Asks: 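My questions will all concern the structure given below.
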Amino acid sequence: MAIFFDNWKFWPIYWILQGTMFWAIFVLGHDCGHGSFSDSALLNSVVGHILHSFILVPYHGWRISHKTHHQNHGNVEADESWVPMPEKLYKELDYATKLFRFKIPFPLIAYPLYLMRRSPGKKGSHFNPYSDLFQANERKFIVTSTLCWTLMVALLFYLSTVVGFLQLLKLYGIPYMIFVMWLDSVTYLHHHGHEEKLPWYRGKEWSYLRGGLTTVDRDYGVFNNIHHDIGTHVIHHLFPQIPHYHLVEATKAAKPVFGKYYREPKKSGAIPFHLVKNLVKSMKKDHYVSDNGDIVYYQTDPKIFNYSENFKLLQTIE
C-alpha cells in the first residue's frame, strides 16, 4: 500500500503503523526468548530467529542478556537493562555521554548502540561470542544469531539496489527507528518514572522477589493488545514463563497476594500521552545512585542540563 500510494500524506501513517508492528513482532520474539511461545525449544529458537533477525536483533545475544536482566532485576550491580550508574561512575562520564543518555530524544534511539557496546560501565557486544556477556558453552548460539543478523543486513543492502536507498529508508528504515523508540521507551518505563521513587538493591538486601516488585505495570491504551499486553510487567518479571496471552489474567489473580506491593497503573486514554510526562520527568531526575548503601534511590544531577539551558538563553538574547 505504501509503495502504491507513494504519497507524503500516507507515508507518516505507514511509518507509525509499521514501526508499531515491528515492536509487536519484537514482543513475540521476546516470548520465544523466555520459552513461553512454545514448549518446544527448537520452535522457540526458529521463530525467535525469524522474528528478531527481521528487525535486526541478534536473537540469542539478546535472549541471554535479557535472561541476565530477569535474574537480577532491581540489582544495582548485576542488572542489565537500564541499570542505574553508581555516583562515581556517573561523575567520570563526559558531558556528551550524559547528554545522550538522559536528554530526550537521544536515549530513545540508543538500543542499536546498546547491542553493539552495552551500557556505560559495562563491556561486551551482543554480536561477539567472546563477549563478557556469554559463557563458553553459549558461543555457538551467538555465532548463529550474528550470522542470521548479517544475512538480514545483506538482504537489506540487496533490496536497496532493487528499490533504491530512499525507498528502502521509507519502507524499512524509518519504521525501524520508530520500533527502537517503542522498545527503549517501554523498557525504560517498566523500571522507572513511577510517581513514587522506586528502590534499587545491593548485597543481602536484594532478592528475586524484591527486585521483581520494583517493576511497574503500564496502561498503553489501544496499544495493549497490539503489543501483546507487555505492560503487565510485574507478573511477567516474577513469572517470565507465562505466555503473553495469560498475563492480564495472571495479574488479576496475583494482585490480592501482592497487596500494597502492587502499584496500580494509571488508566490511559486511547493514546497513552500521560506516559510521555512520566518518561520526560524521569529522564530529567533519575541520573545516578549512591555508591554506598544496600537500598538506594535515584539522585539528580542539577548541573547536567545547565549548559543546554544557558545556550538557549544566549541564543534568545542574541
Side-chain angles (χ1 to χ4, degrees), residues 23 69-70 72-76 79-87 90 98 101-108 110 119 181-202 205-224 227 229-239 247-248 250-290 293-305 309:
W23 165 234
H69 165 55
H70 268 262
N72 299 280
H73 46 213
N75 189 315
V76 175
D79 202 346
E80 177 64 27
S81 177
W82 291 112
V83 60
M85 284 182 283
E87 185 174 3
Y90 176 84
K98 293 178 182 178
R101 185 171 175 86
F102 298 107
K103 186 69 170 179
I104 291 176
F106 304 121
L108 305 187
S119 303
M181 294 176 73
W182 263 116
L183 190 154
D184 282 335
S185 300
V186 170
T187 54
Y188 183 90
L189 285 168
H190 286 161
H191 301 273
H192 304 77
H194 194 263
E195 285 73 13
E196 301 174 5
K197 281 196 171 186
L198 301 176
W200 288 79
Y201 300 102
R202 289 191 181 99
E205 291 293 341
W206 180 86
S207 70
Y208 182 84
L209 178 60
R210 262 188 149 181
L213 290 175
T214 64
T215 60
V216 183
D217 279 4
R218 299 290 188 181
D219 184 359
Y220 294 96
V222 298
F223 298 102
N224 285 330
H227 67 187
D229 292 310
I230 196 64
T232 49
H233 211 65
V234 177
I235 198 73
H236 167 65
H237 258 268
L238 292 173
F239 304 99
L247 289 175
V248 173
T251 297
K252 289 180 181 178
K255 280 166 64 175
V257 180
F258 290 157
K260 66 179 181 179
Y261 298 103
Y262 179 75
R263 304 172 183 87
E264 194 74 40
K266 183 178 179 180
K267 293 299 179 182
S268 174
I271 308 298
F273 292 119
H274 70 288
L275 293 178
V276 176
K277 180 180 178 182
N278 291 97
L279 181 68
V280 173
K281 182 179 178 182
S282 179
M283 286 285 181
K284 287 183 176 180
K285 294 180 63 177
D286 298 340
H287 298 149
Y288 61 86
V289 295
S290 173
D294 289 340
I295 303 177
V296 293
Y297 297 84
Y298 267 112
Q299 299 182 38
T300 304
D301 178 1
K303 300 178 181 179
I304 184 173
F305 297 129
E309 293 168 0

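Numbers here are sequence positions counted from 1. Note that the coordinates shown come from a computational prediction; the quantities given were computed from them, not determined experimentally.
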Asks: Charged N to carboxylate O under 4.0 angstrom, K255 versus E264?
Replies: yes

Asks: Quick check: does any side chain N or O of D219 sit under 3.5 Å from a backbone N or O of P265, one acting as donor and the other as acceptor?
Replies: no

Asks: Taking the six-membered ring for Trp, are Y220 and H190 parallel (under 30°), tilted (30 to 60°) or perpendicular (over 60°)?
Replies: perpendicular

Asks: Just one of Y297, F102, Y188 clears the side-chain contact (heavy atoms from CB on, under 4.5 Å) bar with D286, so which one?
Replies: Y188

Asks: What do the steps show when you test H236 against H70 for side chain to side chain contact (heavy atoms under 4.5 Å, CB included), and what is the final call?
Replies: CA-CA 9 Å; H236 167 65; H70 268 262; 3.2 Å; yes

Asks: Could you check whether any side-chain N or O of W206 sits under 3.5 Å from a backbone N or O of W200, counting only pairs where one atom can act as donor and the other as acceptor?
Replies: no

Asks: For P86 versus R202, what's the shortest heavy-atom pair and its separation?
Replies: CB-NH2, 4.4 Å

Asks: For W23 together with F223, are the ring centres under 6.0 Å from each other?
Replies: no

Asks: Say whether Y201 and T214, considering side chains only, have a donor N or O and an acceptor N or O under 3.5 Å apart.
Replies: no

Asks: Taking the six-membered ring of Y298, is the NZ or CZ of K197 close enough (under 6.0 Å from the centre) and on axis enough (within 45°)?
Replies: no

Asks: Check this for me: Y261, atom OH, are more than 12 non-hydrogen atoms of other residues, nucleotides or ligands nearer than 6.0 Å?
Replies: no

Asks: What distance do K284 atom NZ and T300 atom OG1 have between them, rounded to the nearest 0.5 Å?
Replies: 12.0 Å

Asks: Between N75 and V83, which heavy-atom pair has the shortest distance, and what is it?
Replies: O-CG2, 4.0 Å

Asks: On a heavy-atom basis, which atom in I230 and which in V186 lie closest, and how many Å separate them?
Replies: CG2-CG1, 4.2 Å

Asks: Which heavy atom of H233 sits nearest a heavy atom of D217, and at what distance?
Replies: N-OD1, 2.7 Å

Asks: Between S119 and M85, does the side chain to side chain contact (heavy atoms under 4.5 Å, CB included) criterion hold? Intermediate values first, please.
Replies: CA-CA 9 Å; S119 303; M85 284 182 283; over 6 Å; no

Asks: Counting only heavy atoms not in F239, do more than 12 sit closer than 6.0 Å to its CZ atom?
Replies: no

Asks: Can you check whether G212's main-chain N or O pairs, donor with acceptor, with H237's side chain at less than 3.5 Å?
Replies: no

Asks: Would one find more than 12 heavy atoms of other residues, nucleotides or ligands at under 6.0 Å from atom CD of E196?
Replies: no

Asks: Taking the side chain as every heavy atom from C-beta outward, state whether S185 and L279 have any atom pair closer than 4.5 Å.
Replies: yes

Asks: Let's go through W82 and D184 carefully: what are the C-alpha distance in whole Å and the side-chain angles of both, what is the deciding distance for side chain to side chain contact (heavy atoms under 4.5 Å, CB included) to 0.1 Å, and is it a yes or a no?
Replies: CA-CA 9 Å; W82 291 112; D184 282 335; 4.1 Å; yes

Asks: Is there side-chain contact between H194 and N278, with at least one heavy-atom pair below 4.5 Å?
Replies: no

Asks: Can you tell if the side chain of N224 reaches within under 4.5 Å of the side chain of V248, non-hydrogen atoms only?
Replies: no

Asks: With rounding to the nearest 0.5 angstrom, report the CG to CH2 distance, L108 to W182.
Replies: 12.0 Å

Asks: Between H191 and H69, does the ring centroid distance fall short of 6.0 Å?
Replies: yes

Asks: To the nearest 0.5 Å, what is the distance between OG1 on T232 and NZ on K252?
Replies: 11.0 Å

Asks: Rounded to the nearest 0.5 Å, how far does OG of S282 lie from CD of E195?
Replies: 11.0 Å

Asks: Show the numbers, then the answer: is there a side chain to side chain contact (heavy atoms under 4.5 Å, CB included) between L213 and L238?
Replies: CA-CA 8 Å; L213 290 175; L238 292 173; 4.1 Å; yes

Asks: Drop me the distance from R101's CZ to M283's CE, to the nearest 0.5 angstrom.
Replies: 8.0 Å

Asks: Identify the two heavy atoms, one from S290 and one from E87, that lie closest to each other, and give their separation to 0.1 Å.
Replies: CA-OE1, 4.3 Å

Asks: Anything under 30° is parallel, anything over 60° is perpendicular, the rest tilted; go ahead and classify Y262 against F258.
Replies: parallel

Asks: Indicate yes or no: at least one non-hydrogen side-chain atom of R218 is less than 4.5 angstrom from one of P272.
Replies: no

Asks: Give me the atom names and distance for the closest heavy-atom approach of Q299 to V289.
Replies: NE2-C, 4.4 Å

